[in-house]
2 protein chains.
Amino acid sequence: MTTAFAQPQNRAKTIPPPALRTSYNALKSHAKLWSTASEISELLNLPIAIQRQTDQVVFQHVHFKSGQRIHSLNQEFVNIYLVNSGFIKSIFLDEFGNEQVCHFQMKGDLLGIDGMHTGRHMSEAVALSDCDVIVIPLLKLKVCSCTFEHFERAILHIFSRQLVAQQNRLNILASKNAEARVSIFLQSLAQRFHLLGYSQTSFNLRMTRHEMGSYLGLTLETVSRTLSLLNDAGIISVQLRRIVILDAEGLKELTLTHRDIQRCMVKV
Amino acid sequence: MTTAFAQPQNRAKTIPPPALRTSYNALKSHAKLWSTASEISELLNLPIAIQRQTDQVVFQHVHFKSGQRIHSLNQEFVNIYLVNSGFIKSIFLDEFGNEQVCHFQMKGDLLGIDGMHTGRHMSEAVALSDCDVIVIPLLKLKVCSCTFEHFERAILHIFSRQLVAQQNRLNILASKNAEARVSIFLQSLAQRFHLLGYSQTSFNLRMTRHEMGSYLGLTLETVSRTLSLLNDAGIISVQLRRIVILDAEGLKELTLTHRDIQRCMVKV
DNA sequence: CGGCCAATTGAGTAGCTTCAAACTTCGTGG
DNA sequence: CCACGAAGTTTGAAGCTACTCAATTGGCCG
């Protein structure tokens, strides 16, 4: 039985901001405290499994309340975090402390790998709902190298996956208009909810218009306007954070910019 | 003595497009054919060195002429590539075959890691000048696991570094205007040339305005106009692809958008 | 020289941002 | 319980940035 790694200090250290988000703790019931490497592998949806012989090692789960920080800027890199339930944003702070949303993580997504290279986290992660997070003490794992080796290989795949995903986002920011960006975002959310077994046509956004805008490279007003537009067009129904996708096909069509269509015509 | 991995078929297979770029083969003279893992580690500028005992393994260098493909879309993922000399663009092709430039690679940069996750390359890499590229057959390395293990650890760091770099680009595309984007781009190029021992104030661009625009999320006209603007302001001198940075401080100041300054003021 | 491609420059416009105001929701404290 | 304030959202009007379309110039190569 290999040792387990306690990480309780993180939980209480960061005080949540006064604003308490709309909590949605549907998942809070099946609270687990420990996960094996196999379970983690499954959660990560990896092509190669982290091998079973490492299942003596178990990883601690930590709960975060809405608004709490999972890790913060310049914090020493010790752990990576795997979301088991809840919704998290990771943000990048520029020279002036303006936040730029990097990603929204949910079940099965990994956090905090940005700290590996420099040894310090380059970003912050903040819970947008109550969360259950598996703490993987990557550096300490080096000690029992048999486990680490498998983990490294797994993480390599995840990195590759994330790099491709980032690439995709770059392309979107570089070439799509507001309508396309928002509809791609909604579709992506819908798909992610679907994969987790939730409705893909009806869901609650967990982020503000501002956070959405930051993620999509738009202002909050443009996001709001675009949502209203899709609403008026009958493609979706928007009621504050409640989204219902009424016309999935129509939404898909919007991902093509005027520009895309023209370029397509030229080729044909 | 472990085996070395030949990879000659790549060289001749892809025919270069008719347009032959302005070649600038200053580095062509010290043509090497093989590199050890230590040499590679140094080239990659890694915090942890790939260990010396792996130096029995050597890696083949392959030459590419300007316009040739290093790897192409959907090609099976076998190798990753480390640039030893020359200038390369990696591009992403969208649904219509429009290219979106992901990155410009030069000495010490890695190519092709995007293929790891799916087993096929998600992007293409095209030489913008004559290049010398070290071929690292990542998958075959798994056989002699002692080497692979060290490599994996090294590559993990590189991935982390690249993810942070991508994050940065995302922030730029999401929040900076044309002026800021172009000046950040020029500064980044200047610094990279500097690190390689070249002049950081005077260099040749190896890419077209279109490619620059694609990378920066701008049209070629906007790039051209912005360069002319910086030229007229006396901050740089532009003569087609020849760039001279006249006022590095002035260039740095341009990286702050009107928007940034306002937000900064509000905070103070 | 002519053809081709890259780059520059201009004019007009679409789309997003900015600024501003009104409204809703939610939590807090009287 | 209601009033209040803070934060989030919506919507309008005006302005500006970057895009589109178009014409021209300059290099390069056959």
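By convention in this document, chain letters (A, B, ...) are assigned in the order of the sequence lines, proteins followed by strands, and residues within each chain are numbered from 1.
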Which nucleotide in C:dT8, C:dT18, C:dT25 has an atom nearest any side-chain atom of A:Leu240:
C:dT25

Could you check which of C:dT8, D:dG8, C:dA7 has an atom nearest any side-chain atom of B:Val238?
C:dT8

Atom-to-atom span, NE2 of A:His210 to C1' of D:dA6 - whole angstrom
16 Å

Quick check: on DNA chain D, is the nucleotide nearest A:Thr222 upstream (toward 5') of the one nearest B:Val223, or the reverse? Name the residue that is more 5'.
A:Thr222

Please report the distance, rounded to the nearest Å, between CG in A:Leu173 and C1' in C:dC16.
14 Å

Quick one: label B:Ser228 by what it contacts on the DNA or RNA (base, sugar-phosphate, nothing), any heavy atom closer than 4.0 Å.
sugar-phosphate

Going by atom types alone, do A:Ser72 and A:Gln75 pair a side-chain donor with an acceptor below 3.5 Å?
yes

List the steps, then state whether salt bridge (Lys or Arg N to Asp or Glu O under 4.0 Å) holds for B:Asp132 with B:Lys107.
CA-CA 9 Å; B:Asp132 181 35; B:Lys107 186 177 179 182; over 6 Å; no

Between A:Leu230 and A:Leu251, is any pair of side-chain heavy atoms under 4.5 Å apart?
yes

Under 4.0 Å between any heavy atoms, over every strand shown, what does A:Leu220 touch: base, sugar-phosphate, or nothing? Just pick one.
base

Whole-Å gap separating P (D:dT10) and CG (A:Leu229):
13 Å

Base, sugar-phosphate alone, or nothing: which one does A:Arg259 contact when heavy atoms must sit under 4.0 Å apart?
sugar-phosphate

Within residues 213-227 of chain A or reaching into it, pairs that qualify as side chain to side chain donor-acceptor pair (under 3.5 Å) - sequence neighbours excluded:
A:Thr219-A:Thr222

Rounded distance in Å - CZ (A:Arg242) to P (C:dT25)
15 Å

Side chain of A:Arg241, heavy atoms from C-beta onward: which of D:dG8, C:dC16, C:dA6 has the nearest atom to it?
D:dG8

Atom-to-atom span, CG of A:Leu205 to P of D:dG8 - whole angstrom:
14 Å

Nearest-Å distance, CD (A:Glu221) to C1' (D:dA14)?
14 Å

Please work out which of the three classes, parallel, tilted or perpendicular, describes the rings of A:His121 and A:Tyr81, given edges at 30° and 60°.
tilted

Given C:dA6, C:dC16, D:dT10, which nucleotide is nearest the side-chain atoms of A:Leu218?
C:dC16

Tell me what A:Gly213 touches on the nucleic acid: a base, only sugar-phosphate, or nothing, going by heavy atoms under 4.0 Å.
nothing

Looking at C:dT17, I'd like to know if its phosphate oxygens (OP1 or OP2) sit under 4.0 Å from a side-chain N or O belonging to A:Thr219.
yes

Nearest-nucleotide pick for A:Asn177, side chain only, options being C:dC16, D:dT9, C:dA6:
C:dC16

B:Leu254 CG to D:dT17 C1': how many Å, rounded?
16 Å

How many Å lie between CG on A:Asp260 and P on D:dT20, as a whole number?
10 Å

Whether the side chain of A:Arg225 and the base of C:dT18 hold a donor-acceptor pair under 3.5 Å is what I'd like checked.
yes

